Number of protein chains: 2
Amino acid sequence: MSREGVIAAALSLFHEEGLAKVTMRRVAAVLDTGPASLYVYISDTEDLHAEILDALLADVAEPSSPADWRGRLKGTLRGYIAVLFEHPELARMAMSTMPSGANYLALVEKILALLKEGGVPDGQAAWAVDLLLLFATAQAAEKAAWKASARSPSNFSALAAIIETADVETLPNIVRHGTDLLSGRGDRLDWGFDVLINGVLKTRRMETKS
Amino acid sequence: MSREGVIAAALSLFHEEGLAKVTMRRVAAVLDTGPASLYVYISDTEDLHAEILDALLADVAEPSSPADWRGRLKGTLRGYIAVLFEHPELARMAMSTMPSGANYLALVEKILALLKEGGVPDGQAAWAVDLLLLFATAQAAEKAAWKASARSPSNFSALAAIIETADVETLPNIVRHGTDLLSGRGDRLDWGFDVLINGVLKTRRMETKS
DNA sequence: ACCTGAACACCGTTCAAGT
DNA sequence: ACCTGAACACCGTTCAAGT
C-alpha cells in the first residue's frame, strides 16, 4: 500500500458513490483491510477529501476563446466553478479546508498572471486572487444548497412564500423586490465576476475609507 | 414538549459545547428522552442547526457610528461577520443551508435599505445583497479553517513552505508574491467590502461583457 | 396526535499486539 | 516500519408499539 494507492481507492469510490461515501471505513474496505491501516498514509478524513478535490482540479479547462485578459480571467474562473458545480459537496469542503495541492497552486498562478496582464498592481493582485476564488467557491457551495433544496423543494418554495407574504411594515424593501431576490441564477454569476473585477480595478489597498 | 423547547435545549447545548455536540441524540438526552421524540418537531439535524444560526443573528449589532450609508453598510456587514467569527462552525453551515429565519430576513431588509439610500438601482440591489452576504459568510467560513489550522499549525505553515519553495519556472507569479498571498488578514476584509461596494456601483446588470 | 424503545446501518480514531 | 483486530465512543433516522 501507499498514499497514492489509498487516494486512488478514494477517488474511485468518489466517482462511483459520491463524497459522502468516501469514509475511512469504506476506503479501507475497498483495499481489503481495516480502517486503522489508512492512518499510516493519511492523517484524517479531511486529508483524504482534500486530495480528491486537487485531483479533480487537474481538469480545469483552459479558457477556449483567446479573448482579452478579462475574458480569459472569467473563462478560467468559470472552468474552476464548473468543476465544483459538478461536485457541489467538494465546494463545501473547499470552503473550509485551504486547498494547497499542486493543481490548486497552478490555478492561483494562472489567475495572478492574468491580473498582472490586466495591469492590477501587485499588492491588489495578491488579495484579488483570494477574493475571486473565494467568490467562485462560495457560489458553488451555495448552488449545492440549491440542488439539495430542489430535491426537496420545500426549502426554496418556503423561502419564496416567506418573501411573498412578508410584512410590508417591517420589511418594505424585501416586499418591494419580491422574488427578484431569488432570480437570475445564470447571469448573476457573470455579473458577480464583473463586480469583483471592476471593484478590484477601482479599489486600492489601504484606501480603506470609513 | 414543543419546537421551541427543542430549540432551547439545542441552544444551551450549543453555548456550552459547540455545534459539533448539537446532535439529535444529545439534545434528546438533555430533554430526558430518546432521539426519536425530536422528529415530531424537527425535520432533521440541519433544521436544528439553522434555528441556532437564526437565534444568534438576533445579536447582530446596529452599526454604532451614524456615518454615511457606505459606513453603515460596512458596519452592518461587520456586525454580521462578527457573529459568525465567534462561531465559525455556523458559517460553514450557513454556506450551504439558505437561511430563511426572521432575523436573517431583517438583515437582508436593512442592507437593501442602505443600498437604496446609496442610490444603487433596484435590479442591482437585489443581487448585491446576495453578493455581500455571500462574501461575508464565506470569509467567516474561511476564517474557521484558519482557526482550525492554527490549532494544528501544520496546514498553514505547510502552505507557507510550499509557497516559499515553489518552482520559479512553473509558478513565477506565486514566487514573486510569496507570503503576501497569505498576508493582511484584517485589512483584507475591509478591502473586500470596498471592492464589492465599488464594483456594485460600477457594474450594471446585463452589462455582461465578454 | 404525540411519544418512545429498540433497532438498523453506519461513523472516526486509537491502541495494543503482531509481522 | 508497517499493518491490523478489536474496541471505544459515538452518529442519524425509522418504525412498530404504546399512551
Side-chain angles (χ1 to χ4, degrees), chain A residues 1-14 16-53 88-90 92-93 95-98 144-145 147-149 151-152 154-155, chain B residues 1-14 16-53 88-90 92-93 96-98 144-145 147-149 151-155:
Chain A
M1 217 187 309
S2 65
R3 178 167 236 261
E4 284 69 35
V6 174
I7 293 167
L11 220 39
S12 85
L13 209 43
F14 170 75
E16 276 157 38
E17 317 210 41
L19 191 69
K21 295 295 172 59
V22 182
T23 65
M24 290 303 215
R25 292 180 111 99
R26 274 190 133 87
V27 173
V30 169
L31 295 167
D32 263 313
T33 180
S37 307
L38 304 185
Y39 286 84
V40 179
Y41 306 105
I42 259 76
S43 56
D44 53 26
T45 309
E46 201 171 292
D47 186 11
L48 206 54
H49 288 181
E51 284 294 347
I52 288 174
L53 175 60
E89 326 116 272
L90 283 171
R92 290 189 60 173
M93 193 263 304
M95 211 61 248
S96 41
T97 295
M98 298 234 104
K147 263 196 178 173
S149 60
R151 203 178 24 172
S152 67
S154 57
N155 263 359
Chain B
M1 217 186 311
S2 66
R3 178 168 236 260
E4 285 69 36
V6 175
I7 292 168
L11 220 39
S12 85
L13 208 44
F14 170 74
E16 275 157 39
E17 318 209 42
L19 191 68
K21 295 295 172 59
V22 182
T23 66
M24 290 303 214
R25 292 180 110 100
R26 274 190 133 89
V27 172
V30 169
L31 296 167
D32 263 314
T33 180
S37 308
L38 305 186
Y39 285 84
V40 178
Y41 306 105
I42 259 77
S43 57
D44 54 25
T45 310
E46 201 170 291
D47 187 13
L48 205 55
H49 288 180
E51 284 293 348
I52 289 175
L53 175 59
E89 325 116 272
L90 283 171
R92 289 190 59 174
M93 193 264 301
S96 39
T97 296
M98 299 233 104
K147 261 197 178 173
S149 59
R151 203 179 25 170
S152 67
S154 56
N155 262 0

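Being a predicted model, the structure only gives us computed values, none of them experimental.
Comparing D:dA6, C:dA6, C:dC3 by their nearest atom to the side chain of B:A36 picks out C:dA6. For B:Y41, whose side chain is taken as the heavy atoms from C-beta onward, the closest listed nucleotide among C:dT4, C:dT14, C:dC3 is C:dC3. Distance from the side chain of A:P35 is smallest to C:dT13 among C:dT13, D:dT4, C:dG5. Out of C:dT13, D:dT4, C:dG5, the shortest distance to the side chain of A:M1 is found at D:dT4. With distances taken from any side-chain atom of A:Y39 to the nucleotides D:dT13, C:dC11, C:dT13, the minimum falls on C:dT13. In this structure, of D:dT13, D:dC15, C:dT13, it is D:dT13 that holds the atom nearest to the side chain of B:M24.
Here the P atom of nucleotide C:dC11 and the CZ atom of B:R25 are 15 Å apart, to the nearest Å. Look at CG on A:D47: it is 14 Å from C1' on C:dT13, rounded to the nearest Å. If you measure from atom CD of A:E17 to atom C1' of C:dC10, you get 14 Å, rounded to the nearest angstrom. Atom CZ of A:R26 is separated from atom P of C:dA9 by 12 Å (rounded to the nearest Å). Rounded to an integer number of Å, the gap from A:L19 CG to C:dC11 C1' is 14 Å. In this structure, the CG atom of B:D44 is 16 Å from the P atom of D:dC11, given to the nearest Å. Regarding B:I42, its CD1 atom lies at a distance of 12 Å from the P atom of D:dT13, rounded to whole Å. Taking atom NZ of A:K21 as the reference point, atom P of D:dG12 lies 18 Å away to the nearest angstrom.
Taking for each of B:L38 and A:T23 the nucleotide of DNA chain C with the nearest heavy atom, the 5'-most of the two is the partner of B:L38.
Proximity of B:T23 to B:T45: side-chain heavy atoms (C-beta onward) are nowhere separated by under 4.5 Å. Residues A:L38 and A:L31 are in side-chain contact: their nearest non-hydrogen atoms beyond the backbone lie under 4.5 Å apart. Using a 4.5 Å cut-off on side-chain heavy atoms (C-beta onward), A:M1 and A:T33 make contact. Here the side chains of A:V6 and A:L48 are in contact, with some heavy-atom distance below 4.5 Å.
Judged by Watson-Crick or G-U wobble contacts below 3.5 Å, the nucleotide C:dT13 has D:dA7 as its partner. Judged by Watson-Crick or G-U wobble contacts below 3.5 Å, the nucleotide C:dA1 has D:dT19 as its partner.
When the side-chain nitrogen and oxygen atoms of B:T45 are compared with OP1 and OP2 of D:dT13, one or more of them lie within a distance under 4.0 Å.
Although no hydrogens or angles enter the test, the distance criterion places a donor-acceptor pair under 3.5 Å between the side chain of B:R3 and the main chain of B:Y41.
The separation of C:dC10 from D:dA9, taken at their C1' atoms, amounts to 14 Å, rounded to a whole angstrom. Straight-line distance between the C1' atoms of C:dC11 and D:dC8: roughly 12 Å, to the nearest whole Å. For the C1' atoms, the distance from D:dA17 to C:dC2 is 13 Å, rounded to whole Å.
Within the nucleic acid shown, B:S37 comes within 4.0 Å of at least one base atom, counting heavy atoms only.
The distance from the CG atom of B:L53 to the CG atom of B:L19 is 9.5 Å, given to the nearest 0.5 Å.
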